[in-house]
J.: 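My structure is below; once you've seen it, I'll send some questions.
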Amino acid sequence: MSLRQITSGDVLYLARSASPQFVRPITVRVIRVLTDWHTYHGWCWIDAYELDRRGDAVARRSLYVRCAGVRWRTTPPVPAAPARRRPTTRRQVPV
């Protein structure tokens, strides 16, 4: 059972233990916990960005999860490599 509170900025791994809807596990970054939405004891609504394997947000979602079933990612997703810049050639302007 998880005693840790879900907070904004947390990166979570959601699988079947968090909710039956996660047949295919996903990784999300929490935007906020929706405390004003009433739920059953031990469950909560969160607004989150679904992350791809590089850590880029691919979708914004509102998710209903069992708080004790979420797993915190201890290592963040691998960030995308910075785009390589093409070398620029300068044209010489005749004087």
Side-chain angles (χ1 to χ4, degrees):
M1 185 168 146
S2 173
L3 299 175
R4 190 171 166 187
Q5 294 289 325
I6 299 171
T7 60
S8 298
D10 287 346
V11 177
L12 306 175
Y13 179 78
L14 303 177
R16 294 288 300 239
S17 60
S19 178
Q21 67 182 314
F22 303 116
V23 175
R24 181 185 61 85
I26 64 172
T27 301
V28 299
R29 177 170 285 116
V30 177
I31 300 168
R32 68 176 170 256
V33 179
L34 301 168
T35 55
D36 53 337
W37 292 18
H38 299 286
T39 65
Y40 291 105
H41 178 73
W43 291 76
C44 66
W45 281 97
I46 60 172
D47 272 344
Y49 291 114
E50 184 175 351
L51 305 177
D52 64 10
R53 62 185 180 88
R54 295 179 305 176
D56 295 329
V58 293
R60 183 175 176 162
R61 300 179 62 177
S62 292
L63 303 167
Y64 188 58
V65 297
R66 188 170 67 91
C67 300
V70 302
R71 288 191 272 167
W72 277 262
R73 294 275 312 248
T74 54
T75 57
V78 178
R84 294 180 62 175
R85 295 183 61 170
R86 293 189 304 171
T88 57
T89 56
R90 294 185 181 186
R91 275 193 270 173
Q92 292 189 0
V93 179
V95 180

J.: With hydrophobic residues grouped by side-chain heavy-atom distances under 4.5 Å, do Ile46 and Tyr40 end up in a single group?
T.: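 No, because Ile46 and Tyr40 fall into different hydrophobic clusters, even though each may have its own neighbours under 4.5 Å.
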J.: When hydrophobic residues are tied together by side-chain contacts of less than 4.5 Å, even through go-betweens, does Val28 share a cluster with Trp72?
T.: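 Yes; tracing contacts between hydrophobic side chains, which count when under 4.5 Å, links both residues.
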J.: Hey, does the side chain of Ser62 reach the backbone of Asp47 with a donor-acceptor pair shorter than 3.5 angstrom?
T.: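 Absent.
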J.: Rounded to the nearest 0.5 Å, what separates atom CG in Asp10 from atom CZ in Arg29?
T.: 10.0 Å
J.: Same cluster or not: are Val30 and Leu63 linked, directly or through other Ile, Leu, Val, Met, Phe, Trp or Tyr residues, by side-chain heavy atoms under 4.5 angstrom apart?
T.: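 Looking at the clustering, Leu63 is in the same group as Val30.
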J.: Is there a donor-acceptor pair closer than 3.5 Å between any side-chain N or O of Arg66 and the backbone N or O of Gly42?
T.: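 Such a contact is absent between Arg66 side chain and Gly42 backbone.
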J.: Between atom SG of Cys67 and atom CD of Gln5, what is the distance when rounded to the nearest 0.5 Å?
T.: 7.5 Å
J.: Any donor-acceptor pair under 3.5 Å linking the side chain of Asp52 with the backbone of Arg54?
T.: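 It does hold such a pair.
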J.: Quick check: do Arg16 and Val23 have side-chain heavy atoms less than 4.5 Å from each other?
T.: yes
J.: Answer yes or no: is there a donor N or O on one side and an acceptor on the other, between the side chain of Gln21 and the main chain of Tyr64, under 3.5 Å?
T.: yes
J.: So if I apply the side chain to side chain contact (heavy atoms under 4.5 Å, CB included) rule between Val65 and each of Val33, Thr39, Leu14, which one comes out positive?
T.: Leu14
J.: Grouping I, L, V, M, F, W and Y whenever their side-chain heavy atoms are under 4.5 Å apart, do Ile6 and Trp43 come out in a common cluster?
T.: no
J.: Looking at every heavy atom in both Gly69 and Ser17, which two are closest together, and how far apart are they?
T.: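 In terms of heavy atoms, the two residues are closest at O-OG, 2.8 Å.
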J.: Would you say the side chain of Thr27 lies within less than 4.5 Å of the side chain of Arg73, judging by non-hydrogen atoms?
T.: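 Arg73 vs Thr27: side chains touch.
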